[in-house]
Amino acid sequence: MTETATRPWGAGAATGVGSMPGEDARETARTVTGEVGDFPFLPELPARGPGADMVGRSAGMLVDVYVHLQPSGWRIADRPGMDTRRARSWLGEDLDALEEFTQGYTGPLKVQAAGPWTLAAALELKGGEAALRDPGACRDLAASLAEGLRAHLAEVRRRVPGAEVVLQLDEPSVTAVLTGRIATASGYRTYRAVDRAVVEGTLRDVIGAAGATGPDGTPVVVHSCAPDVPFALLHRAGAAAVSYDAGLLTARPGRLEEAVGEAVEAGLGLFAGVVPALPDASAGAPAGAGPMSDPAGSVGGVRTLWRRLGLSPQALAGSVVITPACGLAGADPEYARRALAHCVRAAGSLVRDPE
């Protein structure tokens with residue numbers, strides 16, 4: 001197993017998942033650093049258009065692999081074009097804004113990129129089928145991503161020298177890849193499930209190549225707000241923590257809970273998404289989400305899970321980071337600001353009252 005890096009975040013930490021509403025990079029950076037100032041993150045603003053979305057932004061980080069936009073989605077190309085340049089331009093603008101609002105900052109700082117399996121499921125080959133169909137293409141994508149991430153992390157450290165950088169790999173498709181539920185281009189079939197050992201090995205290679213080895217490495221968080229997140233597999237691959245929608249885990253107890261408990265006991269951290277990503281989700285939010293007016297109620301499900309697993313209450317606040325349930329791109333800016341502020345208050349309640 002890959003030795004994961006030391007966690008740079010302290011007890012009672014809170015942060016965002018990644019995406020935010022709006023198109024103004026400076027205003028969003030101001031909001032993020034103001035509301036989750038002890039654990040800021042590099043925002044993504046998909047409302048700006050292609051190249052600012054999760055897949056396009058991450059494809060722009062690839063080394064010697066280029067993409068262009070087709071009506072069906074992102075497709076691998078032979079040479080860089082306007083779409084690749086635009087994705088890199090958006091990222092540069094976001095880094096400029098973050099740098100401006102983190103002058104003198106020291107502490108954890110999270111950056112996000114799509115993971116290798118989500119990219120393989122989303123990027124098309126020349127014939128229109130997903131790269132997922134071709135094991136060689138999957139390997140090439142993973143290697144290109146790893147090299148791109150090394151350069152990206154180095155750039156973040158150059159711009160924010162006091163940062164202890166945390167890398168989040170967004171893998172919303174990893175469960176579907178494991179279970180053979182990614183649709184083909186026609187939509188009538190699905191691609192064959194990828195062997196768990198291959199999925200784990202590829203993630204381990206990317207995590208290791210990004211520098212997440214040893215006590216001084218870059219901690220990697222793997223995020224998925226899909227059901228049935230493979231916690232144990234992600235931990236074996238070297239993830240320091242898993243970011244998930246806490247409501248989905250609360251709704252699916254049993255063997256998955258047992259896997260979470262075993263992974264946490266073995267050192268896995270949890271980024272628990274407890275605040276609804278949309279304001280209209282508050283009324284029908286999953287058990288444990290709680291209303292925005294009750295920070296302690298928002299983490300009630302996390303406390304309940306901790307007790308059921310028989311874990312030490314004293315370890316709770318240091319093992320769990322509080323986040324929204326998923327990205328906030330679909331919300332309005334004011335709700336996004338309040339959601340981040342609420343995460344901070346909810347995380348503080350775990351410190352004050354872990355039981």
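It should be emphasised that the depicted structure is a prediction, and the values quoted were computed from it without experimental measurement. Every heavy atom of this structure was used, including side-chain atoms; hydrogens, water molecules and symmetry mates were not.
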Item to check | Counterpart residues, ring-ring contact (aromatic ring centres under 6.0 Å, His included), relative to Trp9 (two or more places apart) | outcome: Phe39, Phe271

Checklist entry - Got a sec, which residues hit ring-ring contact (aromatic ring centres under 6.0 Å, His included) with Phe231, two or more places apart in sequence or on another chain? => result Tyr244

Smallest separation among heavy atoms of [X] and [Y], with atom names:
X      : Y      : answer
Glu124 : Ser72  : OE2-OG, 2.7 Å
Tyr105 : Pro108 : OH-O, 2.6 Å
Val199 : Trp117 : O-NE1, 3.2 Å
Ala114 : Ser58  : N-OG, 2.7 Å
Ile207 : Ala237 : CD1-O, 3.7 Å
Asp170 : Gln112 : OD2-CB, 3.7 Å

Checklist entry - Any chance CZ of Arg158 has more than 12 other-residue heavy atoms, nucleotides or ligands included, within less than 6.0 Å? => result yes

Next on the checklist: Can you confirm whether more than 12 heavy atoms, excluding those of Asp38, are under 6.0 Å from its CG atom?
Outcome noted: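 Result for CG/Asp38: open.
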
Student check: side-chain heavy atoms of [X] and [Y] closer than 4.5 Å:
X      : Y      : answer
Ile322 : Thr15  : no
Leu119 : Leu62  : yes
Arg139 : Val198 : no
Leu203 : Leu233 : yes
Leu125 : Arg75  : no

Between [X] and [Y] (side chain of the first, backbone of the second, donor and acceptor by atom type, cut-off under 3.5 Å), is there such a pair?
X      : Y      : value
Glu257 : Leu305 : no
Thr179 : Thr175 : yes
Arg303 : Asp353 : yes
Ser349 : Ala346 : yes
Ser319 : Ala315 : yes
Ser298 : Val274 : no

Check whether the side chains of [X] and [Y] place a donor and an acceptor atom closer than 3.5 Å, and report yes or no.
X      : Y      : answer
Ser312 : Gln314 : yes
Glu171 : Thr118 : yes
His68  : Thr84  : no

Item to check | salt bridge (charged side-chain N to carboxylate O under 4.0 Å, His left out) contacts touching residues 54-65 (sequence neighbours left out) | outcome: Arg57-Asp94

Item to check | Within residues 96-111 or reaching into it, pairs that qualify as salt bridge (charged side-chain N to carboxylate O under 4.0 Å, His left out) - sequence neighbours excluded | outcome: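 Every salt bridge (charged side-chain N to carboxylate O under 4.0 Å, His left out) pair that includes a residue of residues 96-111, provided the two are not neighbours, is Arg26-Glu100, Asp96-Arg159, Glu99-Arg159.
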
Next on the checklist: Under 4.5 Å between side-chain heavy atoms, counting indirect links through other Ile/Leu/Val/Met/Phe/Trp/Tyr residues: same cluster for Val264 and Leu316 or not?
Outcome noted: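 Per the 4.5 Å side-chain linkage, Val264 and Leu316 are co-clustered.
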
Next on the checklist: Using a strict threshold of under 4.0 Å (side-chain N to carboxylate O), is an ion pair present between Glu200 and Arg236?
Outcome noted: yes

Checklist entry - Between Asp53 and Arg48, is there a side-chain N and carboxylate O pair less than 4.0 Å apart? => result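 Salt bridge flag = no for Arg48 with Asp53.
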
Next on the checklist: Under the criterion side chain to side chain donor-acceptor pair (under 3.5 Å), I'd like the reasoning laid out for Ser243 against Gln168: C-alpha separation, chi angles, the key distance, then a yes or no.
Outcome noted: CA-CA 9 Å; Ser243 172; Gln168 177 179 300; 4.7 Å; no

Item to check | Test side chain to side chain donor-acceptor pair (under 3.5 Å) applied to Arg133 - qualifying residues, sequence neighbours left out | outcome: none

Next on the checklist: Evaluate Ile182 against Thr190 for side-chain contact (heavy atoms from CB on, under 4.5 Å), listing each step before the verdict.
Outcome noted: CA-CA 5 Å; Ile182 300 293; Thr190 58; 5.9 Å; no

Item to check | Qualifying residues under salt bridge (Lys or Arg N to Asp or Glu O under 4.0 Å), relative to Glu35, sequence neighbours excluded | outcome: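 With sequence neighbours excluded, Glu35 shows a salt bridge (Lys or Arg N to Asp or Glu O under 4.0 Å) to Arg337, given in chain and number order.
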
